[in-house]
Amino acid sequence: MKKLIVANWKMNPSTYKEAEDLISEILKGVKSAKATIVICPPFTWLTDFSHKNKSKILFGAQDVFYKDQGAFTGEISPKMLKSSLVDYVIVGHSERRKYFHEANEVINKKLRAVLEAKLTPIFCVGEQEVHEKSHVLEQQLTEGLKGISSKQVKSMVITYEPLFAISTSGGQVVSVEDTISSVLLIKSIISKLYNRDTADSVRVIYGGSVTIKNSASYLKESVISGVLVGGASLNAQEFIDIVKSAR
Ligand code: PGA
């Protein structure tokens with residue numbers, strides 16, 4: 001299966017013009033990419049970009065609400081994303097958990113709504129402190145996946161991304177060896193919650209300070225299905241090189 005490279009632009013860049021330049025430069029550079037590329041720009045530009053470039057690349061949202069429509073000021077529904085030609089949705093990013101107090105229960109509702117709308121969730125899990133890894137992963141997966149079928153789990157992407165590894169929250173990049181052991185831990189929890197077949201099928205990617213200096217070392221590992229790139233995805237050339245580092 002092709003590696004998955006997800007660009008999480010977060011709340012960047014600050015103008016439409018810069019965002020337009022960034023997407024067009026990226027598109028030029030990834031024409032013959034061997035990886036599956038998903039760009040997650042801010043909502044303001046998502047529909048515009050996805051309608052203009054749908055045939056060239058895939059798009060994702062950085063968050064979503066769990067209702068289809070209604071009186072929920074400021075929110076965006078999975079149905080709206082679907083009709084805006086979006087394919088992927090990041091759910092449970094550690095910045096949402098930390099700054100917007102998103103708990104596992106809300107994340108579970110979002111995951112279910114995203115799956116219901118036939119979108120692919122990129123479900124982020126990871127500890128805040130190194131010592132709490134296994135307990136936190138177990139809890140985030142058990143509570144986050146409540147009521148979600150094995151078939152649905154097989155279709156989703158799980159990102160292992162501890163908060164301290166994010167470039168703007170410490171940048172303590174997780175070594176390839178530790179990432180592999182975390183991916184295997186995630187798969188063993190999925191195996192306990194579901195079965196071995198589900199654990200083998202679910203794609204687990206790594207996120208946290210991925211740059212051109214380290215991307216190839218994660219991407220060459222068969223157990224790591226791809227990478228989620230934040231800061232480095234805002235530099236078109238670096239992101240293109242990261243995509244090219246997937247062979
Ligand atoms: P980073 O962010 O690559 O800048 O560490 C990754 C993320 O938070 O998704």
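Residue indices begin at 1 and follow the sequence shown. Order of listing sets the numbers, starting from 1, for every ligand and every atom in it. What you see below is based on every heavy atom in this structure, not just the backbone, and it leaves out hydrogens, waters and symmetry mates.
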Could you tell me whether the side chain of Arg203 and the main chain of Gly226 form a donor-acceptor pair under 3.5 Å? no
For Leu228, the ligand 1 atoms with a heavy-atom partner under 4.0 Å come out as 9 (O)
Can you name the atoms of ligand 1, numbered from 1 with element, that are less than 4.0 Å from a heavy atom of Gly231? 1 (P), 3 (O), 4 (O)
Cys40 backbone acceptor or donor facing Gln62 side chain under 3.5 Å: yes
At under 4.0 Å between heavy atoms, which part of Ile166 makes contact with ligand 1: side chain, backbone, both or neither? both
Nearest neighbour of atom 3 (O) of ligand 1 from the list Gly207, Gly230, Ser233, Cys40, on a heavy-atom basis: Gly230
Which residue and atom name correspond to the protein heavy atom nearest atom 9 (O) of ligand 1, and how close is it? Glu161 OE2, 2.9 Å
Would you check whether Thr168 reaches within less than 4.0 Å of ligand 1, judged by its heavy atoms? no
For the residue pair Tyr206 and Tyr160, does the interplanar ring angle fall in the parallel (under 30°), tilted (30 to 60°) or perpendicular (over 60°) class? tilted
Checking Asp178 against Ser181 for the side chain to side chain donor-acceptor pair (under 3.5 Å) test, could you report, in this order, the C-alpha distance in whole Å, the side-chain angles of both residues, the deciding distance, and whether it holds? CA-CA 5 Å; Asp178 285 350; Ser181 81; 4.7 Å; no
Lys67/Glu75 salt bridge by N-O under 4.0 Å criterion: no
Linked, directly or transitively: Val6 and Val227 (ILVMFWY side chains, under 4.5 Å): no
To which of Ala232, Ser167, Gly171, Gly208 does the heavy atom nearest atom 4 (O) of ligand 1 belong? Ser167
